[in-house]
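Presented below is the structure to which this report refers.
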Amino acid sequence: MRLILRLALSAAIPLFASEATFAGGVSGAPAPFDKGGVKIALISYISAGDFFQAYQAGAEAQAKSLDVDLRIFPGRQDAAEQREQVLQAINLGVSAIVIDHGLPESLGDVAQQALDKGIKVVAFDVNLNNPKIPQVEQSDHELAKLALEQAVKDNGTNFNAGYAYVAGFAPLDRRNEVWDKFRSENSGVVERARFGVVNDTTATSTADQAKAVLSANPDITVVFAPYDEFARGVKLAANDLGVAKKLKIYSADVSTADIQEITEEGSPWVATVATNPAVVGAVSVRVAALQVAGQDVPQRITVKPTLLTQESLRAAGVKTIEDLAQKVPAFSRSDAATATWIPDKLF
């Protein structure tokens, strides 16, 4: 009963990026963007955390530049609710749906229902195994590869490691492929423990697990935590246990809060590899817009990542994502899914 009530309430309150009447359109754009007011839905599995908030902000900025009526449905880590939200978007008569993360088994058939009604579908970091649905990715293999290369540079190829991972999420699964390959090629790297949780309090829940892992395995000197909420949890655990000085954490993704935690004095979080989540959000909307305009897009659209070390961030005086975008220009833009009629200077 509570699940049904929650779904009913969520059906009544999709978040609108704008309630305005669109009339301007985009000069020089193909139909229907020449007149404006195209409805696109953004349906997320996770909304909590800096990464996802920045992703949404980037999607909103790109939508505004295209005079798009972006309908945003909040993610609550609830597969049944996300599935219901896709059906709601179909009933709203949107032209495209961007699905941000989620569980493939709960989304495949409703995504197909959208396609059957002529609605374009774009997936970000959820593999729906449908050739008609383009996949926006952060190059997760490259993210993990760069982070692990830095771990080797700092620690050599002989160390005991902790590994934060939860199966079933496309980006984490792709990063896990790199971890498995890395361990097979480096016999001196020993995975002493595997842990992690994805929920609405990922960092604190992971911290609880990390405390138990680090207490039981005091010989762990490196933690590979390829999601910034995991890394934040491990750092919290290390600080609480007083073992931060002997631990090094390598992660993926970045936010202003992450930068502050990485660069603070005595932080064990020494490197992360990331794309700008706002840029990824913008690219997701661009892919949807290109499809609605009848233009071809590749099956996979990749946004390239950047290695960010504690040392380099401190040396450049980077304290926020805005600083990072200004001091590392490649971080603030992507040439993925562009067209002459789509504005790409957003931040």
Side-chain angles (χ1 to χ4, degrees), residues 48-55 57 138 143-144 146-155 159-164 175 193 195-198 200-215 217-278 305-328 330-332 347:
D50 293 330
F51 179 93
F52 295 99
Q53 291 169 8
Y55 174 88
Q138 301 182 78
L143 282 166
L146 290 173
L148 292 171
E149 285 177 351
Q150 185 63 35
V152 168
K153 182 178 179 181
D154 294 344
N155 305 279
F159 55 81
N160 292 321
Y163 176 44
R175 296 168 194 183
F195 59 96
V197 62
V198 174
D200 56 355
T201 58
T202 294
T204 53
S205 297
T206 299
D208 292 338
Q209 294 186 351
K211 283 183 186 179
V213 165
L214 295 174
S215 296
N217 300 276
D219 57 344
I220 288 177
T221 57
V222 170
V223 175
F224 181 44
Y227 171 28
D228 59 344
E229 293 295 307
F230 289 163
R232 186 176 286 117
V234 176
K235 176 178 175 288
L236 178 61
N239 287 339
D240 286 350
L241 293 173
V243 299
K245 289 184 179 180
K246 71 168 192 173
L247 196 68
K248 291 181 180 177
I249 303 167
Y250 300 84
S251 75
D253 306 327
V254 73
S255 69
T256 291
D258 295 342
I259 292 169
Q260 293 169 355
E261 294 207 40
I262 291 169
T263 57
E264 73 182 21
E265 186 67 28
S267 174
W269 191 350
V270 296
T272 193
V273 182
T275 57
N276 186 333
T306 302
L307 171 68
L308 306 168
T309 66
Q310 184 183 83
E311 183 180 7
S312 67
L313 292 171
R314 286 175 175 170
V318 172
K319 298 185 182 300
T320 66
I321 285 289
E322 290 75 21
D323 289 345
L324 189 59
Q326 290 175 3
K327 296 178 180 182
V328 185
F331 189 76
S332 63
F347 316 112

Flag, side chain of [X] to backbone of [Y], donor-acceptor distance under 3.5 Å:
X      : Y      : result
Asn276 : Phe331 : yes
Arg175 : Pro226 : yes
Thr206 : Gly196 : no

ask   = Got a sec, which residues hit salt bridge (Lys or Arg N to Asp or Glu O under 4.0 Å) with Lys211, two or more places apart in sequence or on another chain?
value =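 In terms of salt bridge (Lys or Arg N to Asp or Glu O under 4.0 Å), with neighbours along the sequence ignored, Lys211 is linked to Asp240.
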If I compare all heavy atoms of [X] with all of [Y], which pair ends up nearest, and what's the gap?
X      : Y      : answer
Ala237 : Ala207 : CB-O, 3.5 Å
Pro277 : Ala54  : CG-CB, 3.5 Å
Val222 : Ile220 : O-CG2, 3.4 Å
Ser332 : Ala325 : CB-CB, 3.6 Å
Phe195 : Ala210 : CE1-CB, 3.8 Å

Do [X] and [Y] have side-chain heavy atoms sitting under 4.5 Å apart?
X      : Y      : result
Glu322 : Thr256 : yes
Pro218 : Lys246 : yes
Leu313 : Leu324 : yes
Lys235 : Ile249 : yes
Asp258 : Trp269 : yes
Tyr250 : Asn155 : yes
Leu214 : Leu247 : yes

Atom pair [atom1] ([X]) and [atom2] ([Y]), whose distance is rounded to the nearest 0.5 Å:
X      : Y      : atom1 : atom2 : answer
Leu146 : Thr309 : CG    : OG1   : 12.0 Å
Tyr163 : Phe224 : OH    : CZ    : 6.0 Å
Gln326 : Ile321 : CD    : CD1   : 12.0 Å
Gln150 : Thr272 : CD    : OG1   : 11.5 Å
Gln138 : Asp253 : CD    : CG    : 5.0 Å

remark   = Across all chains, not counting sequence neighbours, the side-chain contact (heavy atoms from CB on, under 4.5 Å) partners of Gln310 are Ile262, Ser267, Val270, Arg314
request  = Step through the shown structure and confirm whether more than 12 heavy atoms of other residues, nucleotides or ligands are within 6.0 Å of CD on Glu264.
outcome  = yes
Atom NZ of Lys327: over 12 foreign heavy atoms under 6.0 Å = yes
task = Fit a plane to each ring of Tyr227 and Phe52, take the angle between them on a 0 to 90° scale, and name the class: parallel (under 30°), tilted (30 to 60°) or perpendicular (over 60°).
result =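 Aromatic pair Tyr227/Phe52 classed perpendicular.
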query = Going by atom types only, do Thr201 and Ser205 share a side-chain donor-acceptor pair under 3.5 Å?
reply = yes
ask   = Considering residues at least two apart in sequence or located in another chain, which fulfil the side-chain hydrogen bond (donor to acceptor under 3.5 Å, both in side chains) criterion with Asn239?
value = none
